[in-house]
Amino acid sequence: MGRRRKTDKHLPQRMYLRSGSYYFVEANGKWHNLGRDYASAMFEYAQLTGPSGPCRTMGQLVDRYLKEVAPENAEATYKAKLRHGALIKEVCGRLLPHQITAQSVYKFRDIISPRGHVQANRSVATLSHMFTKGIEWGVVADNPCRNVRRF
């Protein structure tokens, strides 16, 4: 771990102000000029570093799951997980992952149950696997689907 900054403490990691211009330094030591204006430099910094943190909402967790994990399955399973992911995003996409409790999962199951009990059970199973991957990725601390009874 490097030492703390003595100057320019308002700048994020690996961003420096030299000779009136802002620079971003990659891990391999390559310097990128971000410009002289602070606002545009911060925009460029955000473009270079990508998202500032892990998944913030359930919608982002679902998107990451469908992008990284679901394609590893067989074609029919992949298509089913896309359907389940769309249902999960529709019902709880704007919620934060740590806000979802076992009671929320029961409500989700009951909302989906008119489509059929098998569909609801499989959607809950997909949601549970999403939370398991979320634990692996450091997004959530536990899986609220663990103690949910299925139909």
Side-chain angles (χ1 to χ4, degrees), residues 1-5 8-16 22-32 34 38-151:
M1 187 165 130
R3 65 178 189 263
R4 291 188 180 204
R5 290 180 187 260
D8 299 325
K9 292 182 181 183
H10 65 286
L11 297 177
Q13 287 184 335
R14 299 188 346 227
M15 187 173 172
Y16 300 95
Y22 293 95
Y23 291 92
F24 171 72
V25 181
E26 289 183 1
N28 62 6
K30 186 175 179 182
W31 288 62
H32 295 277
L34 302 177
Y38 178 73
S40 63
M42 290 304 290
F43 178 76
E44 290 294 323
Y45 175 82
Q47 295 292 334
L48 287 172
T49 58
S52 60
C55 306
R56 297 177 201 269
T57 64
M58 274 304 295
Q60 292 172 339
L61 179 64
V62 170
D63 290 338
R64 182 173 177 186
Y65 178 84
L66 293 178
K67 184 174 146 187
E68 295 180 15
V69 179
E72 297 172 358
N73 297 96
E75 185 178 347
T77 308
Y78 175 65
K79 289 179 181 178
K81 289 197 181 209
L82 287 176
R83 285 194 311 272
H84 300 311
L87 287 172
I88 293 167
K89 274 180 80 169
E90 180 183 324
V91 174
C92 54
R94 291 184 302 271
L95 296 175
L96 298 176
H98 63 81
Q99 289 178 329
I100 295 181
T101 62
Q103 291 81 15
S104 306
V105 177
Y106 277 115
K107 287 180 186 176
F108 170 73
R109 186 193 71 176
D110 293 339
I111 289 171
I112 294 181
S113 64
R115 298 174 187 243
H117 292 310
V118 174
Q119 175 81 8
N121 287 341
R122 290 184 181 164
S123 294
V124 170
T126 302
L127 181 63
S128 177
H129 195 240
M130 286 179 187
F131 274 108
T132 301
K133 284 298 187 177
I135 292 170
E136 181 181 322
W137 294 330
V139 176
V140 292
D142 64 333
N143 186 346
C145 302
R146 186 175 342 137
N147 298 322
V148 173
R149 254 188 8 210
R150 311 284 165 82
F151 284 116

Taking the side chain as everything from C-beta on, heavy atoms only, tell me whether [X] gets closer than 4.5 Å to [Y].
{"X": "S123", "Y": "F108", "result": "yes"}
{"X": "H129", "Y": "V69", "result": "yes"}
{"X": "Q119", "Y": "I112", "result": "yes"}
{"X": "K30", "Y": "H32", "result": "yes"}
{"X": "S128", "Y": "N143", "result": "yes"}
{"X": "K9", "Y": "R4", "result": "no"}

[X] and [Y]: which non-hydrogen atoms are nearest, and at how many Å?
{"X": "R150", "Y": "V124", "answer": "NE-CG1, 3.3 Å"}
{"X": "R149", "Y": "R109", "answer": "O-NH1, 2.6 Å"}
{"X": "V140", "Y": "P97", "answer": "CG1-CB, 3.3 Å"}
{"X": "C92", "Y": "I100", "answer": "SG-CD1, 4.2 Å"}
{"X": "Y106", "Y": "V148", "answer": "OH-CA, 3.6 Å"}
{"X": "Y45", "Y": "Q13", "answer": "OH-O, 3.1 Å"}

Is it the case that the side chain of N73 and the backbone of Y78 share a donor-acceptor pair, with hydrogens and angles ignored and the cut-off at 3.5 Å? no

Judged by atom type as modelled, is there a donor-acceptor pair below 3.5 Å linking the side chain of Q60 to the main-chain atoms of R56? yes

As an exercise, state the distance from [atom1] of [X] to [atom2] of [Y], rounded to the nearest 0.5 Å.
{"X": "Y65", "Y": "W137", "atom1": "OH", "atom2": "CH2", "value": "8.0 Å"}
{"X": "D110", "Y": "F151", "atom1": "CG", "atom2": "CZ", "value": "5.5 Å"}
{"X": "R83", "Y": "T126", "atom1": "CZ", "atom2": "OG1", "value": "10.0 Å"}
{"X": "E44", "Y": "M15", "atom1": "CD", "atom2": "CE", "value": "9.5 Å"}
{"X": "E136", "Y": "T132", "atom1": "CD", "atom2": "OG1", "value": "9.0 Å"}
{"X": "H98", "Y": "D142", "atom1": "NE2", "atom2": "CG", "value": "11.5 Å"}

Could you walk me through whether L34 and F43 pass the side chain to side chain contact (heavy atoms under 4.5 Å, CB included) check? CA-CA 9 Å; L34 302 177; F43 178 76; over 6 Å; no

Determine whether M58 and K89 satisfy the following criterion, side chain to side chain contact (heavy atoms under 4.5 Å, CB included), listing intermediate values before the conclusion. CA-CA 7 Å; M58 274 304 295; K89 274 180 80 169; over 6 Å; no

Between L11 and R5, is the side chain to side chain contact (heavy atoms under 4.5 Å, CB included) condition met? List the steps. CA-CA 9 Å; L11 297 177; R5 290 180 187 260; 4.0 Å; yes

Pair H10-Y38, side-chain donor/acceptor within less than 3.5 Å: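 Their side chains do not contain a donor-acceptor pair, so the 3.5 Å distance test is not met.
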
Just checking, any donor-acceptor pair under 3.5 angstrom between side chains of S104 and T101? yes

Pair Y23 and Y16, ring centroids less than 6.0 Å apart: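 Judged by ring-centre distance (under 6.0 Å), Y23 and Y16 do not meet the cut-off.
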
I'd like to know whether CZ of R115 has more than 12 heavy-atom contacts from other residues, nucleotides or ligands below 6.0 angstrom.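 Atom CZ in R115 is not crowded, with 12 or fewer foreign heavy atoms closer than 6.0 Å.
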
Exceeds 12 heavy-atom contacts within 6.0 angstrom, atom CZ of R14: yes

If you apply the rule side chain to side chain contact (heavy atoms under 4.5 Å, CB included), what do you find for K133 with E68, and how did you get there? CA-CA 10 Å; K133 284 298 187 177; E68 295 180 15; over 6 Å; no

